[in-house]
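A short worksheet on the structure shown next.
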Amino acid sequence: TNQSSCLDAEWGFYVSEPGSSSQTPCGLGTYNPNNASQSLSDCLPSQPGFYVPTEGSHSETPCAAGTYQPSTGQSACLDADAGHYVPSTGQSSQTACAAGTYNPDTGSSEASACLDADAGHYVDSTASTSQTACAAGTYQPSTGQSACLDADAGHYVASEGSSSQTACTAGAYQPSTGQTSCIDASAGHYVDSTASTSQTACATGTYQPSTGQSACLDADAGHYVDSTAATSQTPCAAGTYNSNSGSITSSAC
């Protein structure tokens, strides 16, 4: 044919040598935004955080949120690993979720940030893919926590995944931390307040026949209780009497 001029290379194509009779499409991972530019006689590799998925492309595309690309000249992006996130487009790296947060999904634009642990749950390490319910005896009142709290002495947490602890009721106590239930006062003893860490023996002159009580019973008039921690009163013998009830000074007839 009788050509009086040369044809420009199309966008996304290049002509690498003078005198060439054809143009070549840019390969995967590369692109050419210009046509017939002598300064661009080859294609440009995509930048980190970007990709070129098809031959003959004249532009690069930023990786979507949830994906990243650490290398140049790439034709696809990498999904964020489970437990990691990529918060914005065009990123060249992923980030591990912080302790107290997790990400169960890979490469999802809906998972471009990490989730806080729910109240009553924790995430104890970076890059975790799930949260864990606090065990019975422990609780977590806040979101995004990396460890659970033990129940205080005098308190308990009865079930997993709890966001609060409960004070023992009057008549019960708990001397230790991290407990799942309270201990009833023994017969002859009492616990007079909630959140108590110990039981108290009834004083001489008083008794307590039942467990889990919050106060002791006075000995009736004509009866006595001669020792602490007693579970019953004793009537005065014939020929003796006791005019006081529950008096420590009148613990005998």
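Keep in mind the model is a prediction, meaning the values are calculated, not measured.
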**Request:** Return yes if some donor-acceptor pair links the side-chain N/O of Thr30 with the main-chain N/O of Pro45 below 3.5 Å, else return no.
**Result:** no

**Prompt:** Given Gln165 and Val157, is the side-chain contact (heavy atoms from CB on, under 4.5 Å) satisfied, shown in steps?
**Reply:** CA-CA 5 Å; Gln165 63 180 347; Val157 181; 3.8 Å; yes

**Message:** Run the side chain to side chain donor-acceptor pair (under 3.5 Å) test on Ser88 and Gln91 for me, step by step, so that the C-alpha distance in whole Å, both residues' side-chain angles and the decisive distance to 0.1 Å come before the verdict.
**Reply:** CA-CA 6 Å; Ser88 60; Gln91 291 290 303; 3.0 Å; yes

**Prompt:** Do you know the tightest heavy-atom contact between Ser22 and Val15?
**Reply:** O-CG2, 3.8 Å

**Asked** Roughly how far, to the nearest 0.5 Å, is NE2 of His155 from OG of Ser196?
**Response** 11.0 Å

**Asked** Do the side chain of Gln174 and the main chain of Ser181 share a donor and acceptor less than 3.5 angstrom apart?
**Response** yes

**Asked** Looking only at atom types and distance, does a side-chain atom of Ser20 sit under 3.5 Å from a main-chain N or O of Glu17, one as donor and one as acceptor?
**Response** no

**Asked** Say you draw a straight line from CD of Gln94 to OG of Ser112; how long is it, rounded to the nearest 0.5 Å?
**Response** 13.5 Å

**Message:** I need the minimum non-hydrogen distance between Thr240 and Cys253, along with the two atoms involved.
**Reply:** OG1-CB, 3.5 Å

**Item:** Atom pair CD/OG1 of Gln208 and Thr231 - distance to nearest 0.5 Å
**Value:** 9.5 Å

**Request:** Check Ala221 against Ser243 and note the closest heavy-atom contact, atom names and distance.
**Result:** CB-O, 4.1 Å

**Request:** With the side chain counted from C-beta on, respond yes when Ile183 and Pro175 share a heavy-atom pair under 4.5 Å apart, and no when they do not.
**Result:** yes

**Request:** With rounding to the nearest 0.5 Å, note down the distance linking CZ in Phe13 to OG in Ser57.
**Result:** 10.0 Å

**Message:** Keeping Gln23 on the side-chain end and Glu10 on the backbone end, is there a donor-acceptor pair under 3.5 Å?
**Reply:** yes

**Message:** My understanding is that only residues two or more places apart in sequence, or in another chain, count here; which of them pass side chain to side chain contact (heavy atoms under 4.5 Å, CB included) with Ala136?
**Reply:** Thr180

**Prompt:** Do the non-hydrogen side-chain atoms of Ser75 and Tyr51 ever get within less than 4.5 Å of each other?
**Reply:** no

**Request:** Compare all side-chain heavy atoms of Thr169 with those of Cys182 and state whether any distance is below 4.5 angstrom.
**Result:** no

**Prompt:** Which hydrophobic side chains are connected to Tyr190, either touching it within the sub-4.5 Å cutoff or through other members that do?
**Reply:** none

**Prompt:** At their closest point, which heavy atom of Asp150 faces which heavy atom of Gly178, and how far apart are they?
**Reply:** CB-N, 3.8 Å

**Message:** Working to the nearest 0.5 angstrom, can you tell me the gap between Leu78 CG and Thr67 OG1?
**Reply:** 8.0 Å

**Item:** Over all atoms of both residues, closest heavy-atom pair of Val123 and Tyr102
**Value:** CG2-CD2, 3.8 Å

**Between OH on residue Tyr68 and NE2 on residue His84, distance to nearest 0.5 Å** = 8.0 Å

**Request:** Answer yes or no: is there a side-chain heavy-atom contact under 4.5 Å between Thr72 and Pro48?
**Result:** yes

**Asked** Do Val52 and Glu60 have side-chain heavy atoms sitting under 4.5 Å apart?
**Response** yes

**Prompt:** What's the shortest heavy-atom distance between Thr197 and Gly154, and which atoms?
**Reply:** CG2-N, 4.0 Å

